[in-house]
There are 2 protein chains.
Amino acid sequence: MTGVRTATLDDVARAAGVSRATASRVVTGQGPASPRARDRVTAAVAALGYVPDASARALVTRTGTRLAIAVIGHTAAVLDDPYVGRVLTSAAHVAAEREVGVSLHWLPLADPGSLARLADGRGLGGLVVVNPTRPALETVPRTLRGRVAAVGVGARHVPSFDVDNRAGTDGVVRHLVRTGRHRIAMVTGPSWLPCGDRAVDAYRRVLRDSGGEPRVVTGDFTAARGAKAAVEIMARWPDTDAVFALSDLTALGVLDGLHALGVRVPGDVAVAGFDDIAFAGLSRPALTTSTHPVEDIAAAAAQAVLDRRDTSGATFYPSALVVRDSA
Amino acid sequence: MTGVRTATLDDVARAAGVSRATASRVVTGQGPASPRARDRVTAAVAALGYVPDASARALVTRTGTRLAIAVIGHTAAVLDDPYVGRVLTSAAHVAAEREVGVSLHWLPLADPGSLARLADGRGLGGLVVVNPTRPALETVPRTLRGRVAAVGVGARHVPSFDVDNRAGTDGVVRHLVRTGRHRIAMVTGPSWLPCGDRAVDAYRRVLRDSGGEPRVVTGDFTAARGAKAAVEIMARWPDTDAVFALSDLTALGVLDGLHALGVRVPGDVAVAGFDDIAFAGLSRPALTTSTHPVEDIAAAAAQAVLDRRDTSGATFYPSALVVRDSA
DNA sequence: CCCACACATGGAAGCGCTTCCACCGCAATA
DNA sequence: TATTGCGGTGGAAGCGCTTCCATGTGTGGG
């Protein structure tokens, strides 16, 4: 059944007429080796199609060479969101460039031990957590401290990479004000995600300056929630003239909900989102939003972790207003 | 610096007052163990916070326990596509349920050796390839034969899991015909993806039956290409009254291109897509398309691989027409 | 011409784990 | 009471690899 036995370093050494130690040195490029030995070993490697066994190597070097990416919040809310895909993609690229494997994990929000279990042995070189809660972050095993980075949460006690939600929100809401909107509602993210606090804060601040009343509805980053939120908002505050959602997906849902209500956008109500996902430009009306260097953020997180750089504290990336048709 | 030494199975055994062999039996749940031993070992595991080292385990069991998911076509075209995200997500779920790790790989289309290199040791339990070309598939090392499944390509010489492109296309195009459209253009997928052939074939067949002329434009599954394709189509065949794109993303682009041209949808031209991505229902007009059990397909592929089931040949899944506003 | 030194090399240990095998004590059977 | 059988157990081997260490070979300087 098995039949094909894969070549081991022993086979290579034997074929090259050297010891396993020498073969190892050549293959890894560490330590001295004569040109002659080098040639013979590389030839043998090629001939036998030798590929080092990652497990065995990791076992002895203790240098787990794998980047784990954990996405917290194992729900459709997270899975459908292109934002998550962008983070994954970018982090995976960084890992691929350095030839380290990537492992993907979807962790339910409610399971506090899951992050800890993820350490599964010492196989990982680092861990990038997307949208983690603070409690979840605290369960990360001590062995991994200094090799963890969080993406998308302005947490303080772990290297955190996020867009500057405060400034981004400020920019969008000010744009709304500038274009004559004053009864602006906001659909936030899920309450367990701390990054939303900073955004809501910025929103309240702008409203205070412009003399508006805050109208906050809690969302969950889904489109479905956005549609419902639109209905809620218009029922509760019928004179609303703008809705800002902290997620494009939600904003798209708002657009939909408003449309169903017969409300014209941007005529009656302006709508703005956050993230600038690919579809933001394809909706009708095209969505005004704030664009984020999501790929840069994720790449930076992955790099920090892989470099074992201990960048404690949070790094915020700038976002830029993108004015389209909806606001 | 290092400080914390993680507990090994030896530590557990010592703490529990049993041999390492017994500790291993309890931890893995394989082999006999007295209730007494079982209790003591589990207690020790909890006390020491022991987590088995995956590398060491994989090394001895030779049962690489990791599902690799490789996405071919390392371009924005692929990365932005929600379809890929859905496949990833679903496959990752299956893996998570069985407690096997997932590793993600983005492979450039042009690099034929990359799939082979992916075997990196014998660490993998299986490989799911998304949108592979036939040549790419042929480079998969012999050691992995029987542990590979392809998603999204009607290939024959590897277990392949795909939607029934033929039937799906047939359904959509017939719907177009049924609603009075006869000058129907089609935007295909990239030419290197064999699954498109079956779709084009179905399209031609329906047109032949209904007396229409085929109008085929090659696409690449991106929205940008869709927008350009719309312009090309209207320039080349100005009397076109329907466009069918083999990807929702592309269809959305077509919608956009048509809009820019001042063409009304569905008034002047009907537009239909394929895949039923989340945004299909959110566009204006909402996109008529064909819905696919992408999650089921990906899950089936992952399961087949993980079960070492050798389901050679292709399995096709049904798709269903979703009529919305655009056609 | 000999000694020292660097460099190249092979032997062997050991990473943490699973698993074969031999062993022991016990209850059930003859 | 002597034998069989079996569940529970520990010893030990070994998975494929890196790396320490001791040994061997060549070169330079004295």
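The chains referred to below are lettered A, B, ... by the order of the sequence lines, with proteins before strands, and numbering in each begins at 1.
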> Taking side chain as C-beta onward, heavy atoms only, is A:S160 less than 4.5 Å from A:T315?
Replying inline: no

>> What I'd like to find out is whether the side chain of A:Y317 reaches to under 4.5 Å of the side chain of A:V294, using heavy atoms alone.
In response: no

> Starting at CG of B:D10 and ending at C1' of C:dG16, how long is that distance when rounded to a whole Å?
Replying inline: 8 Å

> How close do B:D220 and B:P190 get, heavy atom to heavy atom, and via which atoms?
Replying inline: CA-CD, 3.7 Å

>> Can you measure A:L9 atom CG to C:dG14 atom C1' for me and round it to whole angstrom units?
In response: 16 Å

>> Could you walk me through whether B:R14 and B:D11 satisfy the salt bridge (Lys or Arg N to Asp or Glu O under 4.0 Å) test, starting with their C-alpha distance in whole Å, then the side-chain angles of each, then the deciding distance to 0.1 Å, before giving a yes or no?
In response: CA-CA 5 Å; B:R14 210 169 304 123; B:D11 301 330; 3.5 Å; yes

> How would you list, by chain and number, every residue that makes a side-chain hydrogen bond (donor to acceptor under 3.5 Å, both in side chains) with A:D197, sequence neighbours excluded?
Replying inline: none

>> Looking at B:T61, I'd like to know whether one of its side-chain N or O atoms comes within less than 4.0 Å of OP1 or OP2 on C:dT18.
In response: no

Set out, line by line, the N/O atom pairs under 3.5 Å between protein and nucleotides 9-11 of chain C.
residue, atom, partner, partner atom, Å
C:dT9, OP1, A:S34, OG, 2.6
C:dT9, OP2, A:S34, N, 2.8
C:dT9, OP2, A:S34, OG, 3.2
C:dG10, OP2, A:S19, N, 2.8
C:dG10, OP2, A:S19, OG, 3.2
C:dG10, OP2, A:T22, OG1, 2.8
C:dG10, N7, A:R25, NH2, 3.4
C:dG10, O6, A:R25, NH2, 2.7

> If an axis is fit to five pairs at each end of the helix from C:dC1-D:dG30 to C:dA30-D:dT1, what is the angle between the two, to the nearest 10°?
Replying inline: 50°

> Which pair of heavy atoms, one from B:F161 and one from B:A149, lies closest together, and at what distance?
Replying inline: CE1-CB, 3.8 Å

> Among D:dC17, D:dG16, C:dT19, which nucleotide sits nearest the side chain of B:L59?
Replying inline: D:dG16

>> Given B:I69, which partner from the list B:V130, B:V129, B:L127 fulfils the side-chain contact (heavy atoms from CB on, under 4.5 Å) test?
In response: B:V130

> Does the side chain of A:V71 reach to within under 4.5 Å of the side chain of A:L88, using non-hydrogen atoms?
Replying inline: yes

> Separation of A:D53 atom CG from C:dG16 atom C1', in whole Å?
Replying inline: 14 Å

